[in-house]
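The chains referred to below are lettered A, B, ... by the order of the sequence lines, with proteins before strands, and numbering in each begins at 1.
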Amino acid sequence: MDFSIRAANVEDCKDIARMIVELSEYEKVADQVKVTQRDLEQDGFSKNPFFHGIVAEVPEQHKTKDGHTKIGYALYFYSYSSMSGRAVYMEDLYVMPDFRGKGIGKALMSKVAQLGLAAGCNQLNFTVLDWNKQSLDFYFSQGSVDVTASMGYHCMRCEGEALEHLAQP
Amino acid sequence: MLFKVRPAAKEDCKEISRMILELASYENMTDQVKITHEELERDGFCPNPFFECLVAEVPEEHQSKEGVTIVGYALYFYTYSTWKGRSVYLEDLYVMTEFRGKGIGKGLLSKVAEVGKKKQCVRLQLSVLDWNAPSRDFYAAKGAQDLTDSEGWHILRFDGRDLDNLANEAPED
């Protein structure tokens with residue numbers, strides 16, 4: 001199937017918001033999504049964006065039953081390792097179920113890697129839930145390593161009241 | 001002990017680089033440190049910096065045995081959660097051994113949280129090595145949750161040749 005990958009623009013935020021909800025449903029956390037289309041527009045397309053996006057599009061004749069031609073996306077931002085320097089973090093990678101198995105996910109991820117290398121990054125990092133075997137198998141088959149398993153890194157988070165408390169001098 | 005937490009200036013990069021090596025030594029990872037103060041200067045002080053940094057400074061009369069007054073740092077950058085929005089990621093938090101137990105680590109951490117809050121960040125995230133009990137305890141005491149333990153999150157990475165191979169397979173524009 002023909003598809004194209006391109007940089008997201010502000011008009012894509014409606015479709016990206018839709019697909020973020022679809023991805024959260026797959027990850028069983030749909031009720032936790034607070035980010036809206038407007039947040040994406042403000043946070044991704046202002047002077048100092050918090051993220052960048054790429055979208056996968058199919059031609060009109062392959063659109064979904066609901067009429068969508070934007071059927072996948074990857075959202076990423078630049079990060080930094082104090083040991084190895086510039087890095088890129090892939091926050092989301094998603095392809096609508098009907099369009100899987102056609103190389104679109106691989107193409108999106110490769111594009112993030114290519115953009116990262118062009119920006120001087122030497123790592124592409126992301127996180128996956130340990131029960132998500134399908135995704136883990138896909139990522140391992142592409143050559144990624146699990147640094148939680150191999151090096152013992154644990155992800156930690158402060159939010160809500162704990163973060164409020166921490167931010168007080 | 002009196003100390004001050006302030007944004008790092010470009011001139012601080014040599015001291016930050018020194019402390020990165022000290023932290024790497026504690027984490028048994030000195031062979032993995034590939035960058036020097038030059039990369040820090042380039043990447044932290046350009047128009048779209050890859051990171052921001054705070055340093056902790058003590059007055060001259062409290063300088064370390066080697067004569068340094070910059071005794072700690074916190075290196076962080078902004079990230080995004082597609083569920084919750086703007087976040088801040090704490091890449092490094094370090095205080096020289098002889099200056100611990102004086103609230104400097106807490107001072108640096110709180111300042112990062114405060115800076116994040118001003119930018120409307122709703123999360124502060126970091127990673128800790130599983131064997132690093134003092135650090136895990138420090139963050140847990142501040143209310144941090146371990147998402148690897150509680151939700152099963154694993155960090156995956158592409159680097160070196162695997163990253164090159166992946167990038168080479170990207171579709172033409």
Side-chain angles (χ1 to χ4, degrees), chain A residues 5 20 24 29 32-35 39 43 48 50-51 75 77-86 89 91-92 106-107 109-111 113-114 117 122-131 139 142-149 151-159 162-163 165-169, chain B residues 20 24 29 32-35 39 43 48 50-51 75 77-86 89 91-92 109-110 113-114 116-117 122-131 136 139 142-149 151-159 162-167 169-171:
Chain A
I5 308 274
I20 284 170
S24 72
V29 286
Q32 289 195 38
V33 177
K34 304 286 182 242
V35 165
D39 293 324
D43 296 337
N48 293 311
F50 278 76
F51 67 86
L75 202 140
F77 44 79
Y78 295 104
S79 60
Y80 208 74
S81 156
S82 54
M83 298 202 282
S84 59
R86 298 179 184 190
Y89 186 89
E91 166 66 15
D92 280 0
K106 166 74 190 292
M109 188 166 67
S110 292
K111 192 69 187 171
Q114 188 190 60
L117 281 178
N122 46 49
Q123 275 182 11
L124 164 59
N125 296 307
F126 51 103
T127 51
V128 184
L129 289 158
D130 60 2
W131 55 255
Y139 294 124
Q142 300 303 314
S144 70
V145 294
D146 183 335
V147 297
T148 293
M151 299 175 74
Y153 277 110
H154 280 227
C155 312
M156 302 196 67
R157 176 191 299 157
C158 238
E159 60 186 346
L163 184 57
H165 190 73
L166 198 56
Q168 279 154 32
Chain B
I20 285 173
M29 292 180 178
Q32 293 192 38
V33 179
K34 307 288 185 222
I35 63 168
E39 282 82 6
D43 297 335
N48 280 318
F50 281 77
F51 66 86
L75 195 147
F77 46 82
Y78 300 102
T79 63
Y80 205 73
S81 154
T82 42
W83 299 348
K84 296 284 175 25
R86 300 177 181 192
Y89 186 88
E91 166 67 12
D92 278 1
L109 181 57
S110 288
E114 188 190 71
K117 191 175 166 183
V122 294
R123 284 177 165 176
L124 184 148
Q125 311 205 139
L126 55 128
S127 346
V128 184
L129 291 157
D130 57 4
W131 54 257
R136 290 180 81 177
Y139 293 116
K142 306 281 178 295
Q145 312 147 54
D146 185 326
L147 306 171
T148 296
D149 279 348
E151 297 179 15
W153 287 102
H154 280 227
I155 302 169
L156 268 57
R157 173 179 299 162
F158 284 96
D159 57 9
D162 297 306
L163 182 58
D164 289 340
N165 288 341
L166 183 65
E169 289 161 9

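For chain A, the nearby parts of Leu126(B) are the backbone and the side chain; heavy atoms of each come within less than 4.5 Å. For Tyr89(B), no part lies under 4.5 angstrom from a heavy atom of chain A. Using a 4.5 Å cut-off between heavy atoms, Leu129(A) contacts chain B through both its backbone and its side chain. Proximity to chain A (any heavy atom under 4.5 Å) is restricted, for Lys117(B), to the side chain, taken from C-beta onward. For chain A, no part of Asn165(B) is nearby; none of its heavy atoms comes within less than 4.5 Å. Only the side chain of Phe77(A) comes within less than 4.5 Å of a heavy atom of chain B; its backbone N, CA, C and O stay farther away. Residue Asp146(B) touches chain A through both its backbone and its side chain, counting heavy-atom pairs closer than 4.5 Å. Interface residue Val122(B): only backbone heavy atoms are found under 4.5 Å from chain A.
When each of Glu169(B), Arg86(B), Glu39(B), Gln32(B) is checked for heavy-atom pairs under 4.5 Å with chain A, Arg86(B) comes out on top. Ranking Gly85(A), Ala113(A), Gly152(A) against chain B, the residue ahead of the rest is Gly152(A), based on heavy-atom pairs under 4.5 Å. Per-residue heavy-atom pair counts under 4.5 Å with chain B were compared for Asp146(A), Asn48(A), Leu75(A), Leu163(A), and the maximum is reached by Asp146(A). Each of Asp92(A), Val33(A), Val29(A), Val35(A) has some count of heavy-atom pairs under 4.5 Å with chain B, and the biggest count is that of Val35(A). When the candidates Glu114(B), Lys34(B), Arg123(B), Lys84(B) are compared by the number of heavy-atom contacts under 4.5 Å with chain A, Arg123(B) comes out ahead. With respect to chain B, the highest number of heavy-atom pairs below 4.5 Å among Trp131(A), Tyr89(A), Phe126(A) belongs to Phe126(A). When each of Val33(B), Leu147(B), Asp164(B) is scored by its heavy-atom pairs under 4.5 Å with chain A, the top score falls to Leu147(B). Among Lys106(A), Gln123(A), Gln114(A), Lys111(A), the residue making the largest number of heavy-atom pairs under 4.5 Å with chain B is Gln123(A). Heavy-atom pairs under 4.5 Å with chain B peak, among Ile20(A), Asn122(A), Asp43(A), at Asp43(A). In terms of heavy-atom pairs under 4.5 angstrom with chain A, the leader among Asp159(B), Leu124(B), Asp149(B), Asp92(B) is Leu124(B).
Separation of atoms NE2 (His165(A)) and NZ (Lys142(B)) is listed at 9.0 Å; rounding is to 0.5 Å. Once rounded to the nearest 0.5 Å, the distance linking CZ of Phe50(B) with OH of Tyr80(A) reads 8.0 Å. The CZ atom of Phe51(B) lies 11.0 Å from the OG atom of Ser81(A); values are rounded to the nearest 0.5 Å. Residue Trp131(B) holds its CH2 atom at 10.5 Å from CE of Met151(A), rounded to the nearest 0.5 Å. If you take CG on Leu156(B) and OG1 on Thr148(A), they are separated by 7.5 Å, rounding to the nearest 0.5 Å.
Between Pro171(B) and Ala107(A), the closest heavy-atom pair is CD-O, 3.7 Å. Here the closest heavy-atom approach between residue Tyr80(B) and residue Asp39(A) is recorded as OH-O, 3.7 Å. Listed here is the closest heavy atom pair of Met156(A) and Val128(B): SD-CG2, 3.5 Å. Among all heavy-atom pairs drawn from Ala149(A) and His154(B), the shortest one is N-ND1, 4.3 Å. Nearest heavy-atom pair across Glu151(B) and Asp130(A) is O-OD1, 4.4 Å.
Distance alone, capped at 3.5 Å, is enough to place a donor-acceptor pair between the Ser110(A) side chain and the Leu166(B) backbone. Looking at Glu91(B), its side chain does come within 3.5 Å of a backbone N or O of Ser82(A) through a donor-acceptor pair. A donor-acceptor pair under 3.5 Å is formed between the side chain of Glu91(A) and the backbone N or O of Thr82(B). Of the possible polar contacts, one joining the Ser110(B) side chain to the Leu166(A) backbone as a donor-acceptor pair under 3.5 Å is found.
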(request) Evaluate side-chain contact (heavy atoms from CB on, under 4.5 Å) for Cys155(A) paired with Ile155(B), printing each intermediate quantity in order. (result) CA-CA 8 Å; Cys155(A) 312; Ile155(B) 302 169; 3.6 Å; yes
(message) If you apply the rule side-chain contact (heavy atoms from CB on, under 4.5 Å), what do you find for Tyr153(A) with Leu129(B), and how did you get there?
(response) CA-CA 4 Å; Tyr153(A) 277 110; Leu129(B) 291 157; 3.7 Å; yes
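For Asp162(B), the side chain to side chain contact (heavy atoms under 4.5 Å, CB included) test picks out Phe158(B), with sequence neighbours left out.
Counting only N and O atoms by type, the side chains of Gln145(B) and Arg157(A) include no donor and acceptor under 3.5 Å apart.
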